[in-house]
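Working notes for the structure below.
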Amino acid sequence: MTDGKTNKSNALWGGRFSGSPSEIMEGINASIDIDQRMAFEDIAGSIAHARMLAATGIISSDDATKIENGLNQIRGEIERGEMKWSAALEDVHMNIEARLKEIIGEPAGRLHTARSRNDQVATDFRLWLRAACDRADALITAYQAALVAQAAAHADTVMPGFTHLQTAQPVSLGHHLLCWVDAAERDRSRFADARKRLNESPLGCAALAGTAFPIDRHQTAEALGFDRPMANSLDGVATRDFALEFLSAATICAVNLSRFAEEIVLWTSRRFGFAQLSDAWSTGSSIMPQKRNPDAAELVRAKPGRIAGALQTLIIVVKGLPLAYSKDLQEDKAPVFQAMDDLELALGAMAGMASDLTFNTGNMAEAAGEAYSDATDLADYVVRELGKPFRDAHHIAGSMVKLAESRNVPLAGLSLEDMQSVEPGLTDEVYSVLSARASMESRTSYGGTSPVRVKEQVALWQNRLRERQAL
Ligand code: ARG
């Protein structure tokens with residue numbers, strides 16, 4: 001795509017130059033392959049700027065109209081894939097300005113009055129990121145909706161809860177799934193926070209010091225949907241902390257997704273046998289005909305490598321840069337675009353898999369009852385009914401597990417005689433707490449796993465999602 005003109009010096013900034021750049025200079029300098037993704041933001045920024053220049057009498061309204069019409073034409077050319085991008089013209093800003101010159105001639109040269117590419121690129125990038133935050137918001141909401149629907153269907157489904165990936169206590173599958181809904185909500189609010197802080201306009205900060213032209217930065221800020229113009233012109237062109245914040249939010253979100261993705265990998269394995277993915281979300285093996293692999297879940301598990309890598313890249317690019325703009329900052333967009341592409345895929349895949357999963361509730365219930373997952377319930381019972389301190393009760397239940405293990409039976413498989421040999425005060429009432437379901441149902445504390453509590457949370461989430469029109 002480097003069909004650029006081989007004009008000796010650059011037409012837009014080459015006044016003091018007589019030679020053309022070396023090929024490698026052009027190669028290292030050009031960002032058009034990457035920043036053409038901000039073309040529509042660039043056009044929106046330029047239209048707002050041109051209108052403001054006319055409103056303040058800096059250019060004629062006739063010129064502003066020509067500029068605006070020309071930019072609209074370019075937008076159409078880009079939409080139809082007709083725009084010829086040129087590496088010789090470096091970046092999206094100069095490509096569009098050069099095309100504008102071809103279309104409208106002399107007035108095109110007036111557009112850059114009281115503006116620099118430094119404030120222009122910062123403006124475009126903020127607009128792009130603002131839209132990215134909105135896309136992340138919608139994708140996270142769709143993912144939450146998929147999880148809530150499954151949680152509603154499985155509030156009563158019992159499964160083993162794990163700590164250290166060892167069977168710990170029975171939990172409701174709905175409860176487990178709602179955990180990821182809550183995590184996603186925090187991710188959502190991190191993007192919302194990032195959006196709030198980045199929604200300020202750098203346009204009119206010019207190269208670094210502002211401008212002597214009587215511009216109206218409030219007008220352009222408002223026209224572009226920013227909350228206000230940035231107060232310091234150096235800050236406006238120099239900072240990329242807003243992109244770092246976006247990448248931090250993306251990284252944390254990706255890390256959260258990777259944890260559920262890992263659970264999908266485990267659950268759909270034959271060893272666990274907790275769930276299945278349909279053909280839509282499975283892949284086969286090229287050598288082993290029997291295989292069904294959860295590739296999408298594995299790839300989501302891997303995404304933090306790329307997304308955290310993007311955050312790391314930008315942190316290192318920005319670190320130690322003096323004020324104000326330096327060309328290093330051109331390296332800000334590739335990691336952000338890549339991270340957002342990865343995140344969109346990851347969120348889409350997780351939403352898809354979350355609704356696609358079918359759960360083997362029988363296997364889950366069986367596993368929930370294994371490995372003495374009701375031992376805490378026995379200890380709690382001893383505290384409640386026999387008035388023992390929890391530490392003593394813990395010891396009693398531990399001895400009971402040891403005895404049951406030696407007999408190769410679950411706790412409920414011990415005879416009352418056996419139980420009384422450990423704790424004489426026990427009666428056969430104790431058997432009522434010795435099941436995975438009873439254990440799950442008993443945990444009615446706020447935030448606990450009892451289906452009563454889970455259904456309350458499901459209802460709450462259904463209301464929230466309905467308000468967001470996601471259900
Ligand atoms: N393509 C550049 C970037 O992305 C635009 C700003 C260039 N400014 C400059 N003074 N050379 O950062």
Side-chain angles (χ1 to χ4, degrees), residues 10-17 31 35 38-75 89-128 130 198-240 242 323-327 329-330:
N10 188 297
L12 296 164
W13 51 247
R16 74 177 317 287
F17 288 71
S31 56
D35 60 25
M38 305 192 306
F40 297 133
E41 286 78 7
D42 195 68
I43 288 170
S46 288
I47 289 176
H49 186 66
R51 285 184 184 170
M52 180 278 292
L53 291 176
T56 51
I58 299 168
I59 65 172
S60 71
S61 43
D62 193 37
D63 282 346
T65 306
K66 285 185 184 131
I67 289 171
E68 185 167 342
N69 291 343
L71 288 169
N72 283 328
Q73 182 181 326
I74 296 171
R75 186 195 288 116
L89 291 166
E90 272 183 52
D91 57 23
V92 66
H93 324 293
M94 299 214 292
N95 269 269
I96 290 176
E97 193 182 320
R99 177 69 189 126
L100 186 64
K101 179 113 189 285
E102 284 173 4
I103 299 170
I104 67 168
E106 190 255 11
R110 300 185 187 279
L111 171 60
H112 214 50
T113 315
R115 181 177 84 166
S116 148
R117 273 187 295 156
N118 297 350
D119 57 335
Q120 191 178 354
V121 73
T123 303
D124 295 359
F125 201 27
R126 282 173 188 262
L127 290 174
W128 194 93
R130 188 175 72 191
L198 70 75
N199 200 31
E200 292 190 334
S201 174
L203 194 56
C205 291
L208 76 164
T211 173
F213 289 100
I215 59 171
D216 183 347
R217 293 193 53 213
H218 293 272
Q219 181 187 326
T220 47
E222 200 189 326
L224 294 169
F226 287 117
D227 295 329
R228 63 193 77 81
M230 290 184 73
N232 184 299
S233 62
L234 296 166
D235 192 27
V237 299
T239 188
R240 292 295 181 273
F242 60 93
L323 293 182
Y325 176 87
S326 300
K327 193 69 175 236
L329 292 175
Q330 178 166 284

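Position 1 is the first residue of the sequence; numbering continues from there. None of these values were measured; they are calculated from a predicted model.
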To the nearest 0.5 Å, what is the distance between [atom1] ([X]) and [atom2] ([Y])?
X: Ile59; Y: Arg110; atom1: CD1; atom2: CZ; answer: 8.0 Å
X: Ile103; Y: Ile67; atom1: CD1; atom2: CD1; answer: 12.0 Å
X: Leu224; Y: His49; atom1: CG; atom2: NE2; answer: 11.0 Å
X: Thr211; Y: Ile58; atom1: OG1; atom2: CD1; answer: 7.0 Å
X: Leu53; Y: Ser60; atom1: CG; atom2: OG; answer: 10.5 Å
X: Glu102; Y: Glu97; atom1: CD; atom2: CD; answer: 12.0 Å

Can you find a pair of side-chain heavy atoms, one from [X] and one from [Y], that are under 4.5 Å apart?
X: Phe213; Y: Arg115; answer: no
X: Asn69; Y: Lys66; answer: no
X: Pro229; Y: His218; answer: yes
X: Ile215; Y: Thr56; answer: no
X: Val237; Y: Pro202; answer: no
X: His112; Y: His93; answer: no
X: Leu111; Y: Ser46; answer: yes
X: Leu208; Y: Asn118; answer: no

Between [X] and [Y], which heavy-atom pair has the shortest distance, and what is it?
X: Gly70; Y: Ile104; answer: CA-CG2, 4.1 Å
X: Ala206; Y: Ser116; answer: C-CB, 3.4 Å
X: Leu234; Y: Ala324; answer: CD2-CB, 4.0 Å
X: Ala122; Y: Gly236; answer: CB-O, 3.5 Å

Mark yes or no for whether [X], through its side chain, and [Y], through its backbone, hold a donor-acceptor pair below 3.5 Å.
X: Arg130; Y: Gly225; value: yes
X: Asp42; Y: Asp124; value: no
X: Asp35; Y: Asp91; value: no
X: Asp119; Y: Leu203; value: no

key: From CA spacing to verdict: side-chain contact (heavy atoms from CB on, under 4.5 Å), Thr239, Met230   = CA-CA 11 Å; Thr239 188; Met230 290 184 73; 4.2 Å; yes

query = Do Arg126's NZ or CZ and the ring of Phe226 fall within the cation-pi criteria of under 6.0 Å and 45°?
reply = no

remark   = So the salt bridge (Lys or Arg N to Asp or Glu O under 4.0 Å) pairs with at least one residue in residues 216-239 (sequence neighbours excluded) are Glu200-Arg228

inquiry  = Does Arg51, at its CZ atom, have more than 12 non-hydrogen atoms belonging to other residues, nucleotides or ligands within less than 6.0 Å?
reply    = no

